[in-house]
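Report on one structure; see the data block that follows.
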Amino acid sequence: MQAHNGMYIDGDWRPAAGGGTIEVVNPADEEVIGAVPAGSAEDVDAAVRAARAALPAWAATPPAERAARIGALRDALAARREAIAATVTAELGAPISFSQAVHAGLPVTVAGTYAALAAEHPFEERLGNSLVLHEPVGVVGAITPWNYPLHQIVAKAAPALAAGCTMVLKPAEDTPLVAQLFAEAVHEAGLPPGVFNLVTGLGPVAGQALAGHEGVDMVSFTGSTAVGRRIGALAGGAVKRVALELGGKSANVILPGADLARAVKAGVANVMANSGQTCSAWTRMLVHTDRYDEAVELAAAATARYVPGDPADPATRLGPVVSARQRERVTGYIRTGIEEGATLVAGGPDAPEGRERGWYVRPTVFADVTPEMTIAREEIFGPVLSILRYQDTEDALRIADDSVYGLAGAVWAGDEAEAVAFARRLRTGQVDINGGRFNPLAPFGGYKQSGVGRELGPHGLTEYLQTKSLQF
Ligand code: NAD
């Protein structure tokens, strides 16, 4: 399973300066499947120095040449598809079919979009008597979570490299093995030493050292709002650029004229995918009071098809959650939902039958959820759906926006124009209309406490650029 024993710094694999390691555990059977170096501030410093040294040459490399290297990276990732899928299934617990399609497939697509964008992007523009240069921000410190471990790396690395930045990545401690596969692909793609560096380690140690390093010009973070807030404060204090992709509690608004069966089925699938560990998951389903009971029945029936099982089995649709800590957190929220008076219509806090080993959670649906309940307000990050009732469209809008988050959402209506009119009024970064497909070029990111900045596509690229104006 394990690709490498070291951290990838300045084009080479090396152990942590302090010699420490972090074990990686398979959430399906609790077996240790590998270990990675526990990087310290010293390792972060070595990586940042390598990135700084590599910056002038990479920033000066013609965009077409950077695009060619990103294209080669895309190919190297595509060649590792099977290993990537197997690794993500082993360290995250995602069902292998989902790992193949999404965890391994999406990063190839995203890297491909940046191979094209790096070549096409207008890095210079004329404005009156000025020539405006769009230059790389500099050295990027990227800190990523475990839930879409490779996608979140590529969503930062590909645009940063396309922009001409160099970088140091600190991936999540639960899923570091796929980050090693990414570094291996970078090496094979022929990126010059120091352009991309990988430091594995704990968040409060290696992550904090990276976010606070004076040689880092921009911090790009994806993870919890609690840690994001701290990183934002640290970056603000040092007057550094910061991008934050944080949590969500997105609303799936089913307007009265919608195809209810389709909307509920898609809504349940959206929440159960990746065991509910998706920041943009539509965890609040909003249904008109006249169709509420029918929707609850449909949701319970749809949920019954998600039987927790071995993620290595191609037939499995729902694996475990990533860690014992995450299972505690999710089952704690399920208990809170029951205590606060929501009606449990599927699942519950106990381990699924026959799945006492491994960190499995029953796919859970709550009805009679009111907007003030904890399960309607806080991000659970597990396979738990809350169904709320609304009286009319204004009520639906008020409930949908009654959140500190604003990352994603969905609107379903009989008439597309009606859904679009509603979506225009929502305070959230993305809205899927009547089951609109994920678009890897569309800007992704949050309103309110869901974050600062956007990832993916051309908007994701401009995050890593700064401007200089020359007047004539
Ligand atoms: P987390 O915030 O605990 O960890 C994320 C990363 O930050 C990890 O690499 C971790 O090691 C590091 N980290 C932890 N403490 C740190 C510190 N003090 N200084 C620097 N780095 C530190 O989050 P998580 O539990 O790994 O991920 C789950 C969360 O991420 C959820 O809340 C989810 O919504 C959010 N998320 C958001 C998006 C998005 O795009 N908006 C995507 C995925 C996940």
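Atoms within each ligand, like the ligands themselves, are counted from 1 in listed order.
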One should read off an interatomic distance between Asn26 CG and Glu30 CD, to the nearest 0.5 angstrom, of 9.5 Å
Worksheet entry | Salt bridge present between Arg377 and Glu372 (N-O < 4.0 angstrom) | no
If you draw the axis of the six-membered ring of Tyr447, does the NZ or CZ of Arg427 fall within 45° of it and under 6.0 Å from the ring centre?
no
Salt bridge present between Arg335 and Glu328 (N-O < 4.0 angstrom) = no
**Trp146 ring center within less than 6.0 Å of Phe381 ring center** = yes
By chain and number, the residues contacting ligand 1 below 4.0 angstrom (heavy atoms only) are Ile143, Thr144, Pro145, Trp146, Asn147, Gln152, Lys170, Pro171, Ala172, Glu173, Gly203, Pro204, Gly207, Gln208, Phe221, Thr222, Gly223, Ser224, Val227, Arg230, Ile231, Glu245, Leu246, Gly247, Cys279, Glu379, Phe381, Leu407, Phe444
Distance col, row Leu246:CG vs Leu407:CG, nearest 0.5 angstrom, shows 8.5 Å
